[in-house]
Every structure is written in C-alpha cells, then in structure tokens.
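First up is the structure itself, then whatever we jot down about it.
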Amino acid sequence: MKLAALPAPDFDLAGTLNCGQVFHWTETSGEWTGLIGTRAVRVHQEGASLIVPAGTETLCANYFALDHPLRSVYRSFPRDAYSQAALKRSRGIRILRQPLWECLATFLFSSMKQVPHIRQISFKLRERFGEPVRGSSLNAFPSPERLAETNEAALRECALGFRAANLRATAGRIANGDLNLESLRSLPTPELRAHLMSLPGVGEKIANCALLFAYERLDSVPVDVWIARILRGMIGQPTASLASLQLYADNQFGRYAGYIQQYLFHYARASRELPGC
DNA sequence: ACCCAGGGGCAAG
DNA sequence: CTTGCCCATGGG
C-alpha cells in the first residue's frame with residue numbers, strides 16, 4: 001500500500017480519536033484503523049505529519065480538519081488556570097468533520113451510556129446491519145433506510161434499550177425524505193438545531209453534538225454530565241441548572257466554544273480533576 | 001442492592 | 001424563560 005504524508009502541525013491523532021467525539025477507531029501500536037464513511041483507512045502520525053493511504057489525501061485532510069485554525073482557537077481559550085491546563089494537556093486535538101447520519105445516529109444512542117458502551121453498540125450495529133467495506137473487517141455504519149426497515153426487537157438486541165425506538169423512528173423520518181440532513185447544511189445554526197431537535201430522541205445536547213462534530217458549527221457546546229460538572233466548578237455554583245450552564249458556555253466561550261468544550265471534556269476525564277477541587 | 005452514564009420530554013410555575 | 005418530575009437500561 002502506497003502512503004502519503006500530510007502536513008499536520010498542531011495535531012494529536014491519538015487524542016483526536018480518543019477524546020469522545022468518534023467511537024469506531026481502533027489502535028494497534030500507533031496504527032489507527034477505521035472508516036471514513038465507506039472508505040477503509042489506516043493512518044498513523046510521524047511528528048508533524050499524518051501518514052495516510054495514497055489517494056485519500058483530500059478525504060483525510062478534510063475528515064481530520066487539518067485546516068482548522070488552531071492558533072486562533074487557542075488564543076480564544078479562557079485565561080483561568082483550569083482552561084489553560086486543559087489546553088496544555090489536550091493540545092492538538094481537532095474537531096472532526098464526520099458523516100452527518102453516522103454522527104447524529106451515534107450520539108442519538110449515546111444518551112445515558114458510557115463511552116466504551118457507545119463503542120460497543122456502534123460495532124454491533126455495523127456488524128449486523130452495515131454494508132461490508134472493501135479492505136475492512138468493519139462494516140459501514142448502516143444507512144437510515146436500512147435501520148428504518150428493521151424491527152425494534154432486532155435493534156434492542158444491540159443493547160440499544162429504549163433508544164431503539166427513537167433510532168428507528170429518526171431513521172424513518174430521514175429515509176422517507178421528511179428531513180434531508182445534507183440539505184440542512186445551508187441553514188443558520190439555530191434553524192438547523194431546531195430541525196434536528198424535531199427528530200425523536202434528539203434534544204439540545206445531541207443536536208449540539210451533531211452540529212459540532214458533523215456540521216462544523218464550532219461554536220456549539222454539548223452540555224453533558226461532565227461538562228456540567230466542569231462548568232459548575234468553574235463558576236462556583238454547584239447547583240447551576242443545565243440550561244444556565246448552556247447559556248454560560250454559549251455567551252462566554254466565543255466562536256470556538258465547541259473546541260474549548262472538547263478540550264475541557266477530555267482533560268477532566270483524563271486527569272480526573274475538576275476546577276475548584 | 002446501589003450507582004452512574006457525553007438525556008429526552010413534558011407539565012407547571 | 002425556569003424548575004420539577006418521570007422515563008429509561010446496561011455495566012461496574
């Protein structure tokens with residue numbers, strides 16, 4: 001297999017694939033194997049270069065968002081000690097440009113699940129309902145059409161629980177053309193968010209995940225239990241509501257709020273430290 | 001048995 | 001706009 005080297009300054013491949021924004025990549029001694037949509041890809045990092053299969057340069061540069069202006073992102077970080085520690089520790093993580101449906105569906109069934117379990121469900125759905133991919137033992141993420149035509153019981157066998165009905169119903173609304181994820185790209189973020197939240201099982205948090213990790217709305221902040229803990233510690237209000245924390249992040253973190261959020265999320269989980277503790 | 005996890009949805013104030 | 005309450009399930 002011929003390889004190509006992409007210039008990748010300010011890039012941490014392992015951190016990027018390990019920080020809780022994507023759930024199907026596997027690492028073996030520095031080599032990362034996964035899929036970008038329906039393309040099998042094996043990549044690794046050598047210093048400031050990302051080594052990718054020849055012919056996938058454009059695909060990989062786009063997926064790994066090697067064009068994101070990390071210098072500007074870092075300048076926009078809050079000045080407090082905790083945020084700066086998170087920046088130091090998480091430096092090089094990039095917010096991916098993920099396929100729309102795969103990303104939305106994955107975060108749809110992420111609710112009240114731990115990260116390793118989300119991974120497990122992603123693998124099961126791919127194995128059972130996904131199309132085979134040439135050169136990969138991992139199947140593509142199943143299409144909305146495929147998931148819409150399954151019955152709920154089959155989905156529940158993938159450990160989806162109560163999320164099975166929501167996933168199937170949402171897949172149905174997309175499969176029958178009621179909502180076109182691709183054509184929503186042109187909408188301003190608030191309208192786009194509203195359309196996503198009209199889907200069964202998609203509230204503000206999951207909509208913000210899709211906005212950030214797939215639609216490249218880098219100012220979107222998904223507030224989960226971890227971000228809530230971090231923000232509560234940061235502002236010294238242990239009982240602040242989720243809604244007030246959402247407002248705080250939206251108003252204080254600026255145009256790259258989603259990046260700040262991701263760095264805080266990864267730092268809190270990796271270091272097991274919270275602000276003010 | 002108990003606790004937690006990258007929540008959603010609704011009613012009521 | 002906000003708070004309160006119930007829904008839900010697999011893994012540690």
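- Cluster annotation: A/Phe123 is not connected to A/Phe107 through the hydrophobic network of ILVMFWY side chains, with a link wherever side-chain heavy atoms come within less than 4.5 Å.
- Using modelled atom types, one finds a donor on one side chain and an acceptor on the other under 3.5 Å when comparing A/Ser72 with A/Arg75.
- Residue A/Gly20 is in base contact, counting any heavy-atom pair closer than 4.0 Å across all strands shown.
- Ring centers of A/Phe141 and A/His24: at least 6.0 Å apart, outside the cut-off.
- Think of A/Met1 as one node in a network of Ile, Leu, Val, Met, Phe, Trp and Tyr side chains linked at under 4.5 Å; its network also takes in A/Leu3, A/Ile51.
- Evaluation of the ring-ring contact (aromatic ring centres under 6.0 Å, His included) rule for A/Tyr267 yields A/Tyr82 as partners, not counting sequence neighbours.
- Against DNA chain B, the stretch residues 100-118 of chain A makes heavy-atom approaches under 4.0 Å through A/Ser110, A/Ser111, A/Met112, A/Lys113, A/Gln114, A/Val115.
- Residue contacts shown for A/Cys19 include a base, since a base heavy atom lies under 4.0 Å away.
- Connection of A/Leu138 to A/Val41 is not established within any shared hydrophobic cluster, with ILVMFWY side chains joined at heavy-atom distances below 4.5 Å, either directly or through further cluster members.
- Under a hydrophobic clustering in which Ile, Leu, Val, Met, Phe, Trp and Tyr are joined whenever their side-chain heavy atoms come within less than 4.5 Å, directly or via other members, A/Leu17 and A/Leu59 fall into the same cluster.
- Within residues 218-227 of chain A, the residues approached by DNA chain B to less than 4.0 Å at the level of any non-hydrogen atom are A/Pro222, A/Asp224, A/Val225, A/Trp226, A/Ile227, in residue-number order.
- Among the protein residues, A/Leu242 comes within range of no part of the nucleic acid, since none of its heavy atoms lies under 4.0 Å from any strand.
- Distance noted for atom P between B/dG6 and C/dC5: 26 Å (whole Å).
- Nucleic acid contact class of A/Leu247 (heavy atoms, under 4.0 Å, all strands): sugar-phosphate only.
- The closest side-chain heavy-atom distance from A/Gln262 to A/Ser90 is not below 4.5 Å.
- As a whole-Å value, the separation of A/Glu152 CD from C/dA8 P is 12 Å.
- Using Watson-Crick or G-U wobble geometry with both donor-acceptor distances under 3.5 Å, C/dG10 finds its partner in B/dC4.
- Between the side chains of A/Arg79 and A/Ser83, no donor-acceptor pair of N or O atoms lies under 3.5 Å.
- Evaluation of the salt bridge (charged side-chain N to carboxylate O under 4.0 Å, His left out) test over residues 142-163 of chain A, restricted to residues two or more places apart or in two chains, returns A/Arg128-A/Glu157, A/Arg146-A/Glu149, A/Glu152-A/Arg156.
- Residue whose closest nucleotide on DNA chain B sits further toward the 5' end, between A/Val202 and A/Gln262: A/Gln262.
- Taking atom CG of residue A/Asn166 and atom C1' of nucleotide C/dC7, one finds them 11 Å apart after rounding to whole Å.
- For DNA chain B, the span of nucleotides reached by chain A at under 4.0 Å from its heavy atoms goes, 5' to 3', from B/dA5 to B/dG9.
- A continuous path of Ile, Leu, Val, Met, Phe, Trp and Tyr side chains, each step under 4.5 Å between heavy atoms, connects A/Leu50 with A/Trp25, placing both in one hydrophobic cluster.
- A/Ser244 comes within 4.0 angstrom of nothing in the nucleic acid, heavy atoms only.
- Regarding A/Arg163, its CZ atom lies at a distance of 12 Å from the C1' atom of C/dG11, rounded to whole Å.
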